[in-house]
Colleague: 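Sharing a structure, written as C-alpha cells. Questions coming.
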Amino acid sequence: MARILTGITSNNTPHLGNILGAVVPAIQLSKQPENESLFFIADLHSLISQKNASDRIHSVNSVAATWLAFDFDTEKNIFYRQSRIPEVCELTWYLNCFTPYPMLANAHSFKDKSEKLSDVNSGLFTYPVLMAADIILYDAEFIPVGKDQIQHIEMTRDIAAAFNHKYQQEIFVLPKAKIDESVMTIPGTDGQKMSKSYNNFINIFLPEKVLLKVIKSIITDTTPLEEAKNPDTCNVFNIFKLIASSSQIEEMRNNYLKGGYGYGHAKTTLFELIIDKFASPRTKYQTLMNDTSMLEKELQVGELKAKKIAQEKLKQVRAVLGF
Ligand code: ADP
Ligand code: TRP
C-alpha cells in the first residue's frame with residue numbers, strides 16, 4: 001500500500017487551475033485500490049498571509065467543500081484540517097532544530113515571495129519546515145504537487161534524512177514528489193498562469209451571472225468578428241480545450257478558422273461548457289457551503305484517523321530525542 005499525502009493552503013476558494021492541476025489528479029490517484037490518501041487543508045500555512053478569522057473559516061470550508069464536491073472518498077482515505085492535529089506544530093519545532101538556516105534562506109519560494117510581499121514574517125521563512133512536518137508525521141511516500149513545490153519536497157527529504165542519520169534509525173520515511181507531467185499549467189483570463197496572486201482566476205462555483213461576467217472578461221485581441229482567427233493564440237480557446245471533448249474542440253477550432261465567429265460566441269460556449277461539465281460539483285459545493293455541518297462531520301472523522309497516526313509517530317520521535 002502506498003501512502004499519498006497532499007495539502008492545499010486555504011487562502012481562498014480553489015480556482016479552475018487548482019482543480020484541474022491538483023484536486024482532480026490527486027483524487028484520481030486516491031482511487032487506485034492500493035493507495036491510501038491523506039488530503040488536508042493547510043490552514044496553519046494560511047496564517048502566513050491571512051490574518052482574518054472569518055476569511056479563514058470561509059476558505060477552510062471552501063477548500064473542504066471542493067474536495068468533497070469532486071467526490072473524494074473520505075471513508076477509504078483520510079481528510080482533515082492541518083490545525084486540528086497540533087502534533088504537527090510540535091514536530092515542526094523539532095525539525096527546525098535539524099534544518100540548516102541557509103537551506104531556508106536560499107529556498108526559491110522564500111526569495112521570490114520575500115521580495116514581493118510587504119509582510120515578510122518568520123512563518124514565511126519556516127514554511128518549508130511546517131510542510132516537512134506535514135509529510136513525515138504521517139509516513140507519506142508520494143506527494144502529488146505542482147512543479148513549484150519540488151524544492152520543498154527535496155528539503156523535506158534532506159531534513160528527514162538528517163534526523164534519521166543523527167539517530168541511526170529509520171524514524172521517518174523519505175517522501176517523493178509525484179509530478180503529473182500530463183497536467184498542463186492552466187492559463188488564466190489574461191493568458192498568464194492562472195493564480196490567486198495574479199487575480200486572473202476562474203472560480204467555477206460562482207453563481208451563473210457572475211461566472212458569465214468572469215468568462216466575458218477573458219482577454220482577447222481585436223480581430224473583427226467576420227475575420228478568421230487563430231485559435232492557438234486565443235485565451236478563450238486555450239481554456240476551452242482543457243475541458244472540452246475532442247469533437248467540441250474540433251468544432252470550435254473550425255469556427256475560429258472559418259471566420260464569422262466572434263470571441264463573444266466562443267466565450268458563451270465556454271461558459272455553457274463549464275456550467276454543463278461541472279454541474280454536479282457546483283450543486284454539491286453549494287449544498288455543502290449552505291450547511292457546513294456535513295463538512296464538519298466528515299472532517300472530524302478524518303481528524304480522528306489522522307491524530308492516531310500522528311500521536312504514534314510523535315511518541316517515537318520524543319523517545320529518540322529524550323523528551
Ligand atoms: P495559486 O497560484 O492560485 O496561489 P497555489 O499555489 O495555492 O495556487 O496552488 C495549489 C495547487 O494548485 C498546487 O498543487 C498547484 O501546483 C496547483 N495549481 C495552481 N495553479 C495552477 C495552474 N494555473 N495550473 C495547474 N495547476 C495549478
Ligand atoms: N505548500 C503547498 C502549496 O502551497 C501546500 C502544502 C502544505 C502541502 N503542506 C503540504 C502540499 C504538504 C503537499 C504536502 O500548494
Side-chain angles (χ1 to χ4, degrees), residues 3-27 29 37-50 59-60 62-63 66-67 70 78 80-83 85 88-89 91-92 95 107-110 112-113 116-117 123-124 126-157 159-160 173 175-204 235 238-239 242-243 306 310:
R3 193 171 270 176
I4 319 278
L5 175 146
T6 199
I8 293 188
T9 306
S10 49
N11 47 16
N12 213 330
T13 301
H15 53 65
L16 186 63
N18 303 140
I19 290 169
L20 298 181
V23 175
V24 170
I27 289 181
L29 206 59
S37 295
L38 290 94
F39 292 167
F40 68 96
I41 299 143
D43 53 353
L44 292 172
H45 276 110
S46 79
L47 185 58
I48 293 168
S49 57
Q50 191 179 54
S59 297
V60 167
S62 174
V63 174
T66 303
W67 281 113
F70 280 86
I78 306 183
Y80 59 103
R81 286 162 285 204
Q82 181 188 32
S83 62
I85 321 294
V88 77
C89 297
L91 181 60
T92 299
L95 298 183
H108 303 314
S109 158
F110 176 70
D112 191 43
K113 291 197 173 144
K116 289 189 190 132
L117 298 176
L124 182 70
T126 57
Y127 173 115
V129 188
L130 176 57
M131 181 158 164
D134 282 331
I135 297 170
I136 64 181
L137 182 58
Y138 300 99
D139 285 339
E141 295 163 78
F142 296 103
I143 318 298
V145 279
K147 288 199 181 97
D148 55 321
Q149 298 292 324
I150 294 178
Q151 193 180 42
H152 291 148
I153 310 298
E154 282 166 357
M155 289 161 88
T156 303
R157 290 174 63 88
I159 297 168
V173 171
K176 294 187 189 74
K178 186 146 179 52
I179 310 291
D180 189 340
E181 294 293 345
S182 68
V183 173
M184 308 222 287
T185 299
I186 316 299
T189 52
D190 59 358
Q192 289 188 82
K193 172 188 183 251
M194 187 179 289
S195 172
K196 274 157 266 177
S197 343
Y198 305 144
N199 206 12
N200 61 354
F201 57 87
I202 298 174
N203 171 1
I204 62 158
N235 295 329
N238 284 332
I239 299 173
L242 295 167
I243 47 180

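Indexing begins at 1, ligand by ligand and atom by atom, following the structure's order. The shown structure was predicted, so the numbers you read here are calculated from the model rather than taken from an experiment.
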Colleague: Where does Phe40 meet ligand 2, judged by heavy-atom distances below 4.0 Å: at the side chain, the backbone, both, or neither?
Modeller: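 Just the side chain.
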Colleague: Check whether any N or O atom of Lys147, backbone or side chain, sits under 3.5 Å from an N or O atom of ligand 1, and answer yes or no.
Modeller: no
Colleague: At what distance is the nearest protein heavy atom to atom 1 (P) of ligand 1, and which residue and atom is it?
Modeller: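 Looking at atom 1 (P) of ligand 1, the protein heavy atom closest to it is Ser195 OG, 3.6 Å.
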Colleague: At under 4.0 Å between heavy atoms, which part of Gln82 makes contact with ligand 2: side chain, backbone, both or neither?
Modeller: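 No part of Gln82 is near ligand 2 at this cut-off.
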Colleague: Give the numbers and elements of all ligand 2 atoms closer than 4.0 Å to a heavy atom of Val145.
Modeller: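 So the atoms of ligand 2 that pass are 13 (C).
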Colleague: Give the atom numbers and elements of ligand 1 that come within less than 4.0 Å of a heavy atom of Met194.
Modeller: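 Answer for ligand 1: 20 (N), 21 (C), 22 (C), 23 (N).
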Colleague: May I ask whether Thr185 has any heavy atom positioned less than 4.0 angstrom from an atom of ligand 1?
Modeller: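 Within the 4.0 Å threshold, so yes.
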Colleague: Any idea which protein heavy atom is nearest atom 7 (O) of ligand 1, and the distance to it?
Modeller: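 Residue, atom and distance for the closest contact: Lys196 NZ, 3.3 Å.
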Colleague: Before signing off on this row, confirm whether Asn18 and ligand 1 have an N or O atom pair separated by under 3.5 Å.
Modeller: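 Yes, Asn18 has an N/O under 3.5 Å of an N/O on ligand 1.
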Colleague: Identify, for atom 27 (C) of ligand 1, the protein heavy atom at the shortest distance, and state residue, atom and that distance.
Modeller: Gly17 O, 3.4 Å
Colleague: Looking only at distances, can you tell me whether any N or O atom of Val145, backbone or side chain, sits closer than 3.5 Å to an N or O atom of ligand 1?
Modeller: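 Not met; the criterion fails.
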Colleague: With heavy atoms of Gly21 as the reference, note each atom of ligand 1 found under 4.0 Å away.
Modeller: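 Within the 4.0 Å cut-off of Gly21, ligand 1 contributes 25 (C), 26 (N).
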Colleague: Of all the atoms in ligand 2, which lie at a distance below 4.0 Å from a heavy atom belonging to Tyr127?
Modeller: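 Once the distances to Tyr127 are compared, the set is 1 (N), 2 (C), 3 (C), 4 (O).
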Colleague: Among all protein heavy atoms in this structure, tell me which lies nearest to atom 22 (C) of ligand 1, with the distance rounded to 0.1 Å.
Modeller: Ile186 N, 3.6 Å
Colleague: Applying a heavy-atom cut-off of 4.0 Å, say which part of Ile135 lies close to ligand 2: side chain, backbone, both or neither.
Modeller: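 It is the side chain that touches ligand 2; the backbone stays farther off.
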Colleague: Are any of the N or O atoms of Thr6 closer than 3.5 Å to those of ligand 2?
Modeller: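 Between Thr6 and ligand 2 (N or O atoms, distance only) the closest approach is not under 3.5 Å.
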Colleague: Taking the non-hydrogen atoms of His15, is any one of them nearer than 4.0 angstrom to ligand 1?
Modeller: yes
Colleague: Can you name the closest pair of heavy atoms from Ile239 and Gly188 and give their distance?
Modeller: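 Minimum heavy-atom separation between Ile239 and Gly188: CD1-O, 3.9 Å.
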Colleague: What atoms of ligand 2 come closer than 4.0 angstrom to any heavy atom of Ile143?
Modeller: 13 (C), 14 (C)
Colleague: Examine ligand 1 and decide if any of its atoms is less than 4.0 Å from a heavy atom belonging to Asp148.
Modeller: yes
Colleague: State the atoms of ligand 2, each with its element, that fall below the 4.0 Å cut-off from a heavy-atom position in His45.
Modeller: 7 (C), 9 (N)
Colleague: Quick check against the 3.5 Å criterion: does Asn200 have a side-chain atom that pairs as donor or acceptor with the backbone of Asp190?
Modeller: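 No.
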Colleague: With a heavy-atom distance limit of 4.0 Å, tell me whether His152 approaches ligand 2 through its side chain, its backbone, both, or neither.
Modeller: neither
Colleague: What atoms of ligand 1 come within less than 4.0 Å of a heavy atom belonging to Gly146?
Modeller: 14 (O), 16 (O)
Colleague: Is it the case that the side chain of Ser195 and the backbone of Ser197 share a donor-acceptor pair, with hydrogens and angles ignored and the cut-off at 3.5 Å?
Modeller: yes
Colleague: If hydrogens are left out, which of Ser49, Ser109, Pro25, Ala22 has an atom nearest to atom 11 (C) of ligand 1, that is, the closest non-hydrogen atom?
Modeller: Ala22
